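Quick notes on the structure that follows.
Chain naming here is simple, since letters A, B, ... match the order of the sequence lines and numbering starts at 1 in each. Worth saying up front: this structure is predicted, and the values here are computed from it rather than measured. Atoms considered below: every heavy atom in the structure, side chains included; atoms not considered: hydrogens, waters and symmetry mates.
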Amino acid sequence: MSGSSSIKIENLICLLTCWFGEIEWWPGYTDEVMIGAILTQQTRWENVERALDLLKNRDLCTIDAIVRADIRDIEGAIRCTGFYRVKAQRLKSLAAHIAQTYGSVDTMVEVPTGQLRAGLLEVSGIGCETADSILCYGLFRKSFVIDAYTERMVQCMGIKSRGQELKRLFEACLPDDNYFYRQTHAHIVEYAKEFCGKKRCNECILVNSSG
DNA sequence: GACCAGGTCCTTG
DNA sequence: CAAGGACATGGT
């Protein structure tokens with residue numbers, strides 16, 4: 001379909017791998033990653049880590065605990081991530097969905113990726129990025145995460161695709177292993193944070209690298 | 001003080 | 001369907 005876009009994306013993946021090497025990103029057990037995926041919406045990761053520590057200290061950092069907890073206690077622990085009221089509600093919604101649909105997080109391991117994704121997208125407060133983050137980093141599925149940085153970066157490279165089409169484009173270029181999905185998304189974010197400002201690029205090596 | 005952060009939802013034109 | 005506002009705290 002768009003051959004030049006595929007080549008640009010393949011080059012991008014290689015270039016970033018050379019630039020960063022291996023990144024250990026978003027470590028943690030599945031429940032923690034799922035919770036972090038919601039907390040990091042429009043929020044710096046350092047603030048999310050503080051909230052995750054508070055949740056752990058209060059035994060609130062599992063899906064099971066979120067189901068039972070008083071929402072005020074959740075709000076109190078995640079305040080430093082901003083939007084804490086809507087995020088507490090989103091955590092409740094996610095936890096309820098998992099409890100009601102699968103019974104437990106462990107059961108989700110047996111469910112096909114497409115089915116899990118469709119279910120997650122039904123949850124209020126979970127969009128494509130959060131769903132794919134949960135699938136990719138929490139459940140080790142091959143579901144590539146498209147975020148604002150990725151959109152910004154490929155636009156800068158002259159690639160027209162957006163959203164789901166862009167996701168498919170990346171997935172067609174990536175090796176058939178979750179490891180590369182995690183690495184590539186992490187690479188893009190780390191690179192873009194430094195070089196792809198909201199208003200202008202800062203010494204970006206990508207713009208003229210593949211044209 | 002201004003601006004941004006690893007989004008999502010709802011309302012408008 | 002694109003654009004704009006709301007949600008909220010914390011860092012530069």
Side-chain angles (χ1 to χ4, degrees), chain A residues 12-13 16 19-20 22-28 30 32-55 71-97 117-141 143-156 160-167 170-171 174 178 180-202 204 206:
Chain A
L12 174 66
I13 293 168
L16 291 175
W19 186 279
F20 289 106
E22 183 174 80
I23 294 184
E24 191 44 58
W25 224 49
W26 218 330
T30 301
E32 179 184 356
V33 175
M34 290 181 172
I35 292 166
I38 286 176
L39 296 184
T40 198
Q41 292 174 348
Q42 197 65 20
T43 302
R44 295 172 183 281
W45 182 253
E46 302 79 65
N47 295 337
V48 174
E49 284 189 314
R50 269 190 269 159
L52 288 173
D53 284 341
L54 286 175
L55 287 170
I71 196 165
R72 311 291 288 276
D73 292 334
I74 301 173
E75 290 177 358
I78 69 174
R79 185 153 295 152
C80 63
T81 68
F83 305 133
Y84 62 90
R85 272 185 228 124
V86 291
K87 284 177 180 174
Q89 184 53 62
R90 289 172 183 183
L91 289 175
K92 275 288 195 187
S93 299
L94 170 64
H97 166 252
R117 189 169 193 274
L120 288 169
L121 291 175
E122 295 277 311
V123 178
S124 168
I126 296 189
C128 290
E129 184 178 340
T130 306
D132 289 328
S133 295
I134 288 172
L135 291 168
C136 186
Y137 290 97
L139 293 164
F140 302 93
R141 303 304 176 98
S143 195
F144 191 72
V145 180
I146 301 293
D147 56 18
Y149 284 139
T150 312
E151 299 262 5
R152 213 185 290 168
M153 198 186 259
V154 301
Q155 181 171 25
C156 194
K160 302 282 179 59
S161 303
R162 297 286 178 277
Q164 293 309 288
E165 188 184 331
L166 184 58
K167 173 179 159 72
F170 267 95
E171 292 180 350
L174 284 162
N178 166 266
F180 298 101
Y181 283 58
R182 304 161 73 90
Q183 288 292 307
T184 298
H185 174 241
H187 289 157
I188 287 174
V189 175
E190 290 301 331
Y191 186 88
K193 276 203 288 203
E194 181 156 2
F195 297 108
C196 307
K198 203 158 190 175
K199 304 205 70 174
R200 63 153 179 260
C201 305
N202 309 318
C204 176
L206 299 169

For the residue pair A:F144 and A:F170, categorise the inter-ring angle as parallel (less than 30°), tilted (30 to 60°) or perpendicular (more than 60°). parallel
Do [X] and [Y] have side chains that approach each other closer than 4.5 Å (heavy atoms only, starting at C-beta)?
{"X": "A:Y181", "Y": "A:E171", "value": "yes"}
{"X": "A:T81", "Y": "A:Q41", "value": "no"}
{"X": "A:L94", "Y": "A:L120", "value": "yes"}
{"X": "A:R117", "Y": "A:S143", "value": "yes"}

Check this one for me: any side-chain N or O of A:R152 less than 4.0 Å away from OP1 or OP2 of B:dA5? yes
Do any side-chain nitrogens or oxygens of A:K87 fall under 4.0 Å of OP1 or OP2 in B:dG7? no
Which pair of non-hydrogen atoms, one from A:S124 and one from A:S93, has the smallest distance, and what is that distance? O-CB, 4.1 Å
Figure out the [atom1]/[atom2] separation between [X] and [N], and round it to whole Å.
{"X": "A:R162", "N": "C:dA2", "atom1": "CZ", "atom2": "P", "result": "11 Å"}
{"X": "A:E49", "N": "C:dG10", "atom1": "CD", "atom2": "C1'", "result": "15 Å"}
{"X": "A:F83", "N": "B:dC4", "atom1": "CZ", "atom2": "P", "result": "14 Å"}
{"X": "A:E75", "N": "C:dT9", "atom1": "CD", "atom2": "P", "result": "11 Å"}
{"X": "A:Y84", "N": "C:dA6", "atom1": "OH", "atom2": "P", "result": "17 Å"}
{"X": "A:D147", "N": "B:dT8", "atom1": "CG", "atom2": "C1'", "result": "14 Å"}
{"X": "A:Q89", "N": "B:dC9", "atom1": "CD", "atom2": "C1'", "result": "13 Å"}
{"X": "A:E190", "N": "B:dA5", "atom1": "CD", "atom2": "P", "result": "14 Å"}

On DNA chain B, check which nucleotide each of A:C128 and A:K199 is closest to and give me the residue with the more 5' one. A:K199
Closest-nucleotide ordering on DNA chain B, the 5'-leading residue of A:H185 and A:G125: A:H185
When you get a sec, tell me which of [options] is the closest nucleotide to the side chain of [X]?
{"X": "A:T130", "options": "B:dG7, B:dA5, C:dT9", "answer": "B:dG7"}
{"X": "A:R79", "options": "C:dT9, B:dA5, C:dC7", "answer": "C:dT9"}
{"X": "A:C80", "options": "B:dC4, C:dT9, B:dT8", "answer": "C:dT9"}
{"X": "A:A148", "options": "B:dG7, C:dG10, B:dA5", "answer": "B:dG7"}

Is the gap between the ring centers of A:W19 and A:F195 under 6.0 Å? yes
Over all strands shown, is [X] touching base, sugar-phosphate only, or nothing at heavy-atom distances under 4.0 angstrom?
{"X": "A:R85", "answer": "sugar-phosphate"}
{"X": "A:T81", "answer": "nothing"}
{"X": "A:I126", "answer": "sugar-phosphate"}

Base-pairing assignment for B:dG1 (Watson-Crick or G-U wobble, both under 3.5 Å): none
Any residue of residues 36-48 of chain A with a heavy atom less than 4.0 Å from an atom of DNA chain B: A:T40, A:Q41, A:Q42, A:T43, A:R44, A:W45
Step by step, would you call A:F83 with A:R90 a side chain to side chain contact (heavy atoms under 4.5 Å, CB included)? CA-CA 11 Å; A:F83 305 133; A:R90 289 172 183 183; over 6 Å; no
